[in-house]
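In listed order, ligands and their atoms are each counted from 1.
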Amino acid sequence: MSEHMSPEEFRRNGHAAIDWIADYWASLDDLPVRSPVAPGDVRRMLPPAAPEDAEPFDALLADLDRVVVPGLTHWQHPRFFAYFPANSSPAAILGDLLSSGIGAQGMIWATSPAVTEVEQAVLDWFGEALGLPAAFRSDGPGGGVIQDTASTATFTALLAALHRASGGEARASGVGGGRWRVYGSTQAHSSLVKAAVMAGLGEQAVRVVDVDPATQAVDVEALRSAVAEDVAGGLRPLMVHVAAGSTSTGAMDDIAAVAEVAGTADMWVHVDAAWAGVAAVCPELRGHLAGVEAADSFVTNPHKWLLTTFDCSTFWVRDRTALTGALSILPEYLRNAATESGEVVDYRDWHPQLGRRFRALKLWAVLRTYGLSGLREHVRSGVALAQHVAGLVAADERFEMVTEPSLSLVVFRLVAGDEETMAAMEAVNASGEAYLSHTTVRGRAAIRLAVGSWRTTQADVDRAWRALQEAAAVHG
Ligand SMILES: *Cc1c(COP(=O)(O)O)cnc(C)c1O
C-alpha cells in the first residue's frame, strides 16, 4: 500500500473537508467572535511530538473541531467588525484549492507560462476595473504583480525607488552614506517604517509629516516644508507614501497634491490603498484615487474587502525597469531561452522571494464568479451598512463620531471619555456578540467598526449596536 492518499481517498477526504468548511460557516452565528482561550490553552491540547504512525484524515478534521475552533477568532463571522475584513469567499477558496492542486511554481515564465500570463491578464482587467491609469498595464512599460501583502508591496516599491534614485548605486554598493529620506504622514501604515528598516535605510530615514486634525489626511504644506528643509540640509528625498485610506480612520491623502510636491524633488510616489483601493470598482467610489495617474506605484488588497482569500495583494508600477533593475538575479540554473528573448515577464524579479504560487487563480475565480457587477454590489452594501452605523451613532447621545465615515469604516466613541470608550468596547468583545477594534485619534480613544464581510447583514450590525448600547448603559 502506498503511503500517499489514493485518488479515491483524496476525493472522499476532499469532500469531507469542503463539508467541514460549509458546516463551520453555518455554525459561526452561535460562536463567540473573538476566541476566549488563554495563552497555552491550544498548545496543551496538542501531543508533544508528531505521530509515528499514519492516522486517518478524519482524525485531523475531528481535531479542528476539538482543538482549533475554540482557539480561533472567527474572521468570517458575520459580526467580525475589527481591523479590516479578511474575506475568504467560496469562489476564492475554490480558486485557491485549484492552485494548490496544480501546485506549479511560477517563479519565471518558463516554469509555467500560464501562471504568469493569467496573472498579467487578471491584473490588467482588475486595474482597468479600478480605473487605474493605462501606464500600469502589462503591455506598456509598467505592469502588475500579485504580492503576498501590502507590506511586501511597499517594501518592493521602496527598493525600486532606491534603485532609480541611486542610479543603480544602492544595488551595487549598498545604501550607506546616501542620506535618504522617506516621507509618510503620522497615519501612514507601519509597514513603511518596516520597509525602511528592511531596506537598510534605518528608521531615522522616515520623516513623519503632520496631518490635518479634522480629516487626518497629510498636511501637504507641512510635507512641502519638510522636503525643502531636507533638500537644503543635503538629504536626498527618495519616496513618499500616500495613504489612500489610512488604517486608523480611513483618511484619504490628496494624491495629486502630494505628487506635485514629490515632483519638486524627483521622488517616487507610492500610493498605499491596501484597504480602500478596491472600492474603486464602483465608479462613484473612486474620488480618493483622483491623481493616481501621477503615482509610480499603487497597491490594494483584494484579500481585505474584495472577497479574495488571503494572501492576494495587487501591486502595479508605472515603470517595471526600476523594479527589475533593483531585484533581478539570474543564476545559471534558471537561464532559459524565453528569458533571454526578452519577450516574457519573470515575476521572480518583481518581489523579494523567488518561488511563487498561482495566486492569480483565486482572484480570477472571484472576478469571474461575481462579475464586476457582483463585486460592486458587495462594496456598495458595505458602504451602506457603514452609513447605517453612522446614523445609529448620531441618534444616541451617549456616542459621537470621531471622523466622518470612510467608505465602510466608522470611527466613534463614547462621549463620557476614553476609559468608558475602551471599557464598552472590551465588554462587547468579551461577550462574543461582536468584535470591534480601537485606535486613537487626536490623542483620544476611539472605536473602529469596519464592515465589509461577505456574511454581514444589517441584522448583524444592529445586533452589534445593541451590544454596544448595553455596554454604554453600564460604562457610559
Ligand atoms: C492593512 C493595511 C496594510 C498592510 O496590509 P498587509 O497586506 O497585511 O501587509 C498597509 N496599508 C494599509 C493602509 C492597510 O490598511
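For the 3.5 Å distance criterion, the side chains of T154 and S151 fail to qualify, holding no donor opposite an acceptor. For the 3.5 Å distance criterion, the side chains of S88 and W75 fail to qualify, holding no donor opposite an acceptor. For H74 and Y435, the side-chain atoms include no donor-acceptor pair closer than 3.5 Å.
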Run the side-chain donor-acceptor check on residues 365-373: report pairs under 3.5 Å with partners two or more places apart or on a different chain.
unit_1	atom_1	unit_2	atom_2	d
T369	OG1	A365	O	2.3

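Near ligand 1, heavy-atom contacts under 4.0 Å come from F84, T149, A150, S151, H189, G245, T247, D272, A274, W275, N301, H303, K304.
Looking at R356 and D346, no side-chain N of the basic residue comes within less than 4.0 Å of a carboxylate O on the acidic one, giving no salt bridge.
The nearest pair of heavy atoms linking G144 to L123 is C-CD1, 3.6 Å.
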